[in-house]
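Lettering follows sequence order; numbering is per chain, from 1. Keep in mind that the numbers below use all heavy atoms, side chains included, and drop hydrogens, waters and symmetry copies.
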Amino acid sequence: MLLIDLARTSAAVAADSARLAKIRHLAELLSRVAPDEAEIAVAYLSGELPQRQIGVGWRTLQDLPEPRQIASATLTHVDDLLSRIKAQAGPGSQAARKDLVEELFRAVTRQEQSFLLRLLGGELRQGALNGVMIEAVAKAAGTPAAEVRRALMLRGWLPAVGAAALTGGVEALRSFRLEVGRPVSPMLAQSAPNVKAALDRLGGEAVALEWKLDGVRVQAHRSGPEVKVFTRTLDDITAQVPELVEAVLALPVDDIVLDGEVIALRADGRPEPFQVTASRVSSKIDTATLRETTPLSVFFFDALRVGGQDLLELPDSERHAALVRAVPEELLTPRLVTADPEEGMAFFADVLRRGHEGVVVKSPGTLYAAGRRGAGWVKVKPRHTLDLVVLAAEWGHGRREGKLSNLHLGARDPESGDFVMLGKTFKGLTDELLTWQTERFLALADGPSDEWVVRVRPEIVVEVAFDGVQRSPRYPGGMALRFARVLRYRPDKRPEDADTVDSVRELLF
DNA sequence: TTCCGACAGTGGGGTCGCAAT
DNA sequence: ATTGCGACCCCACTATCGGAA
């Protein structure tokens with residue numbers, strides 16, 4: 001199959017806003033693809049590469065050569081080139097990758113270039129990724145979507161599942177099973193503003209509340225003496241977390257898959273800031289020294305397999321019972337089962353007093369919905385707010401093209417009378433607000449603006465919600481807001497009424 | 001007919017390893 | 001030694017479609 005076929009399909013998918021139409025376009029193409037190119041086609045059309053990462057980003061994709069006129073590149077040819085790009089390493093590799101990228105772009109037409117640019121840039125922008133592709137694969141293969149979804153849960157990689165469905169049908173899909181040593185996409189949680197809302201959403205019956213730790217999600221697999229540890233995106237971090245490996249090897253069960261969180265704790269048991277845990281987990285050099293200075297603790301909260309038995313399709317209460325049988329108390333995430341909102345709120349308050357992030361509320365009947373934001377898990381975190389001043393705004397991309405989108409936020413410095421930038425946000429803005437702020441900020445434009453950033457006179461006050469303040473090596477005040485989002489503009493407030501850097505600093509430890 | 005769950009899109013700060021400067 | 005890039009850790013929120021109620 002030719003790349004141009006995919007580029008045309010992608011364009012058709014982007015042109016139709018209806019999901020069912022997108023599915024039709026994708027399924028039509030998938031039904032024509034040869035078995036040996038099925039995985040590539042599913043990957044490309046859902047925004048993935050069979051190679052996963054190839055070391056090419058936005059910078060390498062600048063200044064590309066002119067396209068050719070006649071489309072002739074096959075999927076196999078493109079795939080070979082991408083593999084060669086990924087294989088580059090060592091001195092001279094950046095230039096070599098760039099050369100190969102240019103070779104690739106010289107070999108394709110303008111429409112194919114546009115498709116590849118979005119694919120390699122990681123922003124397909126056709127309104128279809130995994131969710132729509134699951135339906136398209138099911139339609140093209142003539143199998144129920146539920147079978148595709150189930151196989152994806154166990155395999156974690158849609159191109160492989162899609163290729164299996166297209167070539168082997170429902171039988172091939174049913175042959176996927178949980179395999180110890182191969183990661184499953186972890187189940188994710190929805191969020192609620194407070195414990196009461198979370199309980200209401202879960203139907204007001206008895207629920208389990210668990211500590212939400214601000215660390216790194218891990219999935220630990222053990223088969224006999226072999227242990228592997230994976231992150232949320234299924235990357236293997238076994239070598240970076242020896243403490244966890246040892247803890248799993250010490251368990252009395254030797255065929256097990258566990259879900260949990262690793263976190264760096266201080267000597268007094270309180271959590272280190274997220275930055276410390278993240279740094280420790282991503283450091284690959286000299287782990288032996290790091291585990292002395294910054295030891296990691298692990299807390300498990302779910303079990304996907306214990307003693308050779310798969311638990312994914314059992315309710316939370318049964319999975320947790322199996323977890324408790326296999327894992328000693330000190331490795332378990334603290335948990336309370338209750339139907340009483342008062343008790344739940346007290347538990348939440350206690351978690352916060354201990355310095356942790358919040359709670360996850362779980363319905364006892366919930367099955368493990370791998371890779372999905374299941375309705376049975378609801379996280380609750382406290383929220384801070386500040387009144388800040390807009391210092392500048394950046395032009396948006398994609399559906400925000402032509403709108404000023406990303407806001408630069410500043411707190412008042414009472415000493416100098418100036419404003420200290422604390423970060424940016426683009427979240428929480430409705431289309432109406434985007435239109436309004438674009439007009440308003442252009443009228444307030446002031447000072448040196450460039451292609452992307454419009455500086456404005458510091459006159460607009462905006463109420464911003466955020467999760468916390470962290471140390472920043474980037475911003476002048478040495479601190480930045482975590483997960484800032486707009487709540488509302490405050491036309492009733494003047495810049496002099498905005499919160500000060502001192503009040504922000506109080507939230508930093 | 002209305003409601004709501006799931007999805008895609010639009011980006012945020014911080015840190016690492018590696019290659020280039 | 002420092003800088004730039006790619007990748008990945010954490011992530012919130014809105015608009016939209018289409019099936020559920």
Side-chain angles (χ1 to χ4, degrees), chain A residues 14 16-23 46-47 52-62 88-98 120-135 149 188-191 201 213-218 231-235 237 240 261-263 273-285 357 369 372-375 379 381 383 394 396-401 403 405-409 422-434 464-475 479-487:
Chain A
D16 264 315
S17 69
R19 279 211 292 270
L20 294 176
K22 291 177 192 288
I23 291 165
S46 55
R52 285 189 181 252
Q53 300 82 230
I54 59 169
V56 169
W58 65 275
R59 194 66 183 80
T60 316
L61 295 170
Q62 301 203 327
Q88 301 303 314
S93 61
Q94 278 184 20
R97 270 200 298 274
K98 177 78 181 171
L120 299 184
E123 295 172 324
L124 207 49
R125 287 181 175 153
Q126 61 179 16
L129 293 170
N130 269 10
V132 173
M133 181 56 88
I134 286 169
E135 304 286 338
R149 235 176 243 116
L188 307 174
Q190 301 186 346
S191 38
R201 194 178 313 170
L213 302 167
D214 194 8
V216 171
R217 182 82 175 266
V218 286
T231 65
R232 207 167 84 94
T233 48
L234 315 188
D235 288 283
I237 54 163
Q240 287 113 281
E261 190 94 357
V262 282
I263 184 169
F274 172 72
Q275 284 153 304
V276 173
T277 296
S279 167
R280 167 60 216 275
V281 169
S282 56
S283 294
K284 294 176 178 163
I285 297 168
E357 195 181 16
R372 317 192 70 184
R373 211 164 273 290
K379 60 183 166 183
K381 297 188 283 184
R383 192 188 74 172
E394 297 178 12
H397 300 81
R399 73 183 302 282
R400 293 191 177 188
E401 180 108 47
K403 299 280 171 58
S405 171
N406 201 1
L407 307 176
H408 294 200
L409 304 166
L422 292 173
K424 309 179 189 179
T425 186
F426 57 91
K427 295 171 185 161
L429 298 164
T430 60
D431 287 357
E432 192 183 3
L433 222 40
L434 285 164
V464 167
F466 59 99
D467 276 23
V469 181
Q470 54 191 356
R471 291 193 192 286
S472 170
R474 176 186 320 206
Y475 288 108
M479 51 190 183
L481 304 183
R482 193 157 177 225
F483 310 141
R485 59 268 191 190
V486 169
L487 289 181

Separation of atom CG in A/D16 from atom C1' in C/dT16, rounded to whole Å: 14 Å

Flag side-chain contact, heavy atom, 4.5 Å: A/R201 against A/Q190: yes

For atom CD1 of A/I54 and atom C1' of B/dC18, their distance in whole Å: 17 Å

Nearest-0.5 Å distance that lies between atom CG in A/L429 and atom CZ in A/R400: 5.5 Å

Protein-to-nucleotide contact annotation, 5' to 3' order, nucleotides 8-15 of chain B [B base; S sugar-phosphate only; - none; under 4.0 Å, heavy atom]: SSBBBSSS

Touch class at under 4.0 angstrom, heavy-atom based, for A/T231 against every strand present: sugar-phosphate

Selection from B/dA19, C/dG6, C/dC8 that lies nearest to any side-chain heavy atom of A/Q94: B/dA19

Sugar-phosphate only, base, or nothing, as touched by A/V281 at under 4.0 Å among non-hydrogen atoms: nothing

Options C/dC13, B/dA20, C/dA15, nucleotide nearest the side-chain atoms of A/T430: C/dA15

Whole angstrom value for the distance that separates C1' of B/dA6 from CD1 of A/I23: 12 Å

Sugar-phosphate, base or nothing in reach of A/D214, heavy atoms under 4.0 Å: nothing

Touch class at under 4.0 angstrom, heavy-atom based, for A/A89 against every strand present: sugar-phosphate

B/dC18 phosphate, OP1 or OP2, under 4.0 Å from A/K284 side-chain N/O: no

Sugar-phosphate, base or nothing in reach of A/K98, heavy atoms under 4.0 Å: nothing

Gap between atoms CG and P, on A/L188 and C/dC9 respectively (whole Å): 12 Å

Pairwise side-chain contact, A/V469 with A/L422, heavy-atom cut-off 4.5 Å (strictly under): no

Atom-pair distance (CD on A/Q88; P on B/dC18), nearest Å: 16 Å

Under-4.0 Å salt bridge between A/D431 and A/K403: no

Expected output: side-chain A/S283 to main-chain A/S279 donor-acceptor under 3.5 Å: yes

Lys/Arg N to Asp/Glu carboxylate O, A/E394 vs A/K424, below 4.0 Å: yes

Side-chain touch A/T277/A/D214, heavy atoms, less than 4.5 angstrom: no

Counterpart base for B/dC7, defined by Watson-Crick or G-U wobble contacts under 3.5 Å: none

Distance in angstrom units between A/I134 CD1 and B/dC7 P, rounded: 7 Å

Below 4.0 Å: OP1/OP2 of B/dG5 and any side-chain N or O of A/Q190: no

Sugar-phosphate, base or nothing in reach of A/S17, heavy atoms under 4.0 Å: sugar-phosphate

Among B/dA20, C/dC8, C/dG6, the nucleotide that comes nearest once only the side chain of A/P91 is considered: B/dA20

Output a table of nitrogen or oxygen pairs between the protein and nucleotides 19-21 of chain C separated by less than 3.5 Å.
none

Side-chain N or O of A/K379 closer than 4.0 Å to phosphate OP1/OP2 of C/dA12: yes

Exceeds 12 heavy-atom contacts within 6.0 angstrom, atom CD of A/Q62: yes

For atom CZ of A/R59 and atom P of B/dA20, their distance in whole Å: 14 Å

Beyond-backbone contact of A/R217 with A/L188, side-chain heavy atoms, under 4.5 angstrom: yes

Side-chain N,O (A/W58) to OP1/OP2 (C/dG6) below 4.0 Å: yes

Nucleotide nearest A/K381 when distance is taken to its side chain, options C/dC8, C/dC5, C/dA12: C/dA12

A/R149 CZ to B/dG5 P, straight-line distance once rounded to whole Å: 16 Å

Heavy atoms from other residues, nucleotides or ligands near CZ of A/R383 exceed 12 (cutoff 6.0 Å): no

Donor-acceptor under 3.5 Å (A/R280 side chain, A/I263 main chain): no

Closest-nucleotide 5' rank along DNA chain C - winner of A/A21 and A/L429: A/L429

Sugar-phosphate only, base, or nothing, as touched by A/L434 at under 4.0 Å among non-hydrogen atoms: nothing

